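Order of appearance sets the numbers: ligands from 1, and atoms from 1 within every ligand. Being a predicted model, the structure only gives us computed values, none of them experimental. Just so you know, residue 1 is the first one in the sequence shown, and it goes up from there.
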Amino acid sequence: MNKLPVWIDCDPGVDDAAAIVLADWLEELNIVGISTVAGNAVLELTTKNALQICDLLKRDYPVFRGADHPLMRPYEAGESFHGADGLGGAELPKPSREAQSLPAWDAIYETAKQHGGRLELIALGPLTNVAIALCKYPDLPDYLHRILLMGGSATHGNCTPCAEFNIFTDPEAAQIVFRSAVPKVMCGLEVTEQAYLTAQELKNIGSHEGAICRFFRDATPDLLRKNVEAGQGGWAVHDACPVLYCARPELFSGKEAGVFVETQSELTFGKTVTDLYSDKKFDEKNTFVVLDIDRSAFVNLLTAAVTQI
Ligand code: RIB
Ligand code: CA
């Protein structure tokens, strides 16, 4: 099989961890690099967490540090939705190695050139690193096949009534990405909140003795509780969606739309304004907005991935 080369830019984050495990397991994908950004936790923690997740997988994927704050504003630690350590309090051994010395944006560009335009850039956190790479290297769009991102929403928010966390954390970076020439796939809250694991499905996973299952058994209880208290069906594994879409697009549906980001208004700051449901349309349809997922297939595939070891 001619695997798709994928780069994962992330802010682990328990659902980022699930996304990396899934990408490692899916036979259609070949992880060629991982970069980290401040988001769910400070950069030092998201980088440590990414290295620990690679150790959990017994993989030596190169990990590159990215931005420790958004483009235009200081980093503000959120309510540490993923716990103070970013991994829901689950204990993992110290990383066996260090991150690479090259900054994330330089590594993304070099790797994209090496793959001659086939590289799938999967962005699972604030888009700061991707924006910096696009600004520093104007020809980067010539070398990226797509940017598949978890972020935004056509209808609602989880950080404010209008804004989803990854976009809200760095709206200026997100605007740069949505205005870029790279074909984009947006997995917003419409689809990612459908990609949940129920308490019973998580219990099934936790009943396995493998190291990865033990990690998710320990890392997810608080997240499950918070999601259910917010009225969702279970733990929303947001970041697994762009990964699964990249490998198995047939499990999803969506529509082309115009998507741009609000960066000025105080009330709607960080909103991904989409023309999906309006009679007034933007001049261009710059993004494929994913709207639905085959949840049972998602649950089966993610369960298979996390029980692999
Ligand atoms: O809103 C969900 C997103 O914010 C996910 O990427 C999660 O990891 C957090 O970063
Ligand atoms: Ca994330």
S.K.: Any N/O/S atom of Asp16 sitting less than 3.0 Å from the Ca ion (ligand 2), backbone or side chain?
M.R.: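 Looking at Asp16, which is the residue asked about, there is an N, O or S atom under 3.0 Å from the Ca ion (ligand 2).
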
S.K.: For ligand 1, which atoms, with element, lie under 4.0 Å from some heavy atom of Asp15?
M.R.: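 Numbered from 1, ligand 1 contributes 5 (C), 6 (O), 7 (C), 8 (O).
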
S.K.: Is there a side-chain contact between Leu148 and Cys187 in this structure, where contact means two heavy atoms from C-beta onward sitting under 4.5 Å apart?
M.R.: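 Contact flag for Leu148/Cys187 side chains = no.
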
S.K.: Can you list the ligand 1 atoms lying under 4.0 Å from a non-hydrogen atom of Met150?
M.R.: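 The list of qualifying atoms is 2 (C), 3 (C), 5 (C), 6 (O).
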
S.K.: Taking the side chain as everything from C-beta on, heavy atoms only, tell me whether His82 gets closer than 4.5 Å to Leu87.
M.R.: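 Counting from C-beta outward, His82 and Leu87 never come under 4.5 Å.
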
S.K.: Of the protein's non-hydrogen atoms, which lies at the shortest distance from atom 1 (O) of ligand 1, and what is that distance?
M.R.: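 For this ligand atom, the closest protein heavy atom is Glu164 OE2, 2.6 Å.
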
S.K.: Side chain, backbone, both or neither: which part of Val14 comes within less than 4.0 Å of ligand 1 when only heavy atoms are counted?
M.R.: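 Neither part.
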
S.K.: Which value, rounded to the nearest 0.5 Å, describes the distance between Thr36 atom OG1 and Phe64 atom CZ?
M.R.: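 Here the interatomic distance stands at 10.5 Å.
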
S.K.: Consider every N or O of Asn40 and every N or O of ligand 1, then say whether any pair is closer than 3.5 Å.
M.R.: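 For ligand 1, there is an N or O atom that lies under 3.5 Å from one belonging to Asn40.
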
S.K.: Once you restrict to heavy atoms under 4.0 Å, what part of Asp16 touches ligand 1? Side chain, backbone, both or neither.
M.R.: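 Side chain only; the backbone of Asp16 stays clear of ligand 1.
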
S.K.: Using a strict 4.0 Å threshold on nitrogen-to-oxygen distance, state whether Asp24 and Arg59 make a salt bridge.
M.R.: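 A salt bridge links Asp24 with Arg59.
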
S.K.: Considering both backbone and side-chain atoms of Leu189, is one of its nitrogen or oxygen atoms within less than 3.5 Å of a nitrogen or oxygen in ligand 1?
M.R.: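 Min N/O separation from ligand 1 is not below 3.5 Å for Leu189.
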
S.K.: What I want to find out is whether Arg73 reaches Glu172 closely enough, with some N-O distance under 4.0 Å, to be called a salt bridge.
M.R.: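 Salt bridge present between Arg73 and Glu172.
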
S.K.: Considering non-hydrogen atoms of the protein only, which is the closest contact for atom 6 (O) of ligand 1, and what is the distance?
M.R.: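 Protein heavy atom with the smallest distance to atom 6 (O) of ligand 1: Asp239 OD1, 2.6 Å.
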
S.K.: So does Phe165 have any N/O/S atom less than 3.0 Å away from the Ca ion (ligand 2)?
M.R.: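 False for Phe165.
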
S.K.: Do the side chains of Glu28 and Lys3 get close enough for a salt bridge, i.e. N-O under 4.0 angstrom?
M.R.: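 Answer for the salt bridge query: no.
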
S.K.: Please answer whether the main-chain N or O of Trp105 pairs with a side-chain N or O of Asn129 as donor and acceptor at a distance below 3.5 Å.
M.R.: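 It does not hold such a pair.
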
S.K.: If you have a sec, read the angle at the Ca ion (ligand 2) from Asp11 atom OD1 over to Asp239 atom OD2, to 10 degrees.
M.R.: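 Taking the Ca ion (ligand 2) as the apex, I get 140° for this pair.
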
S.K.: Against heavy atoms of His238, which atoms of ligand 1 measure under 4.0 Å?
M.R.: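 Those of ligand 1 that fall under 4.0 Å from His238 are 2 (C).
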
S.K.: Evaluate Arg97 against Asp60 for salt bridge (Lys or Arg N to Asp or Glu O under 4.0 Å), listing each step before the verdict.
M.R.: CA-CA 9 Å; Arg97 58 191 167 100; Asp60 59 354; over 6 Å; no

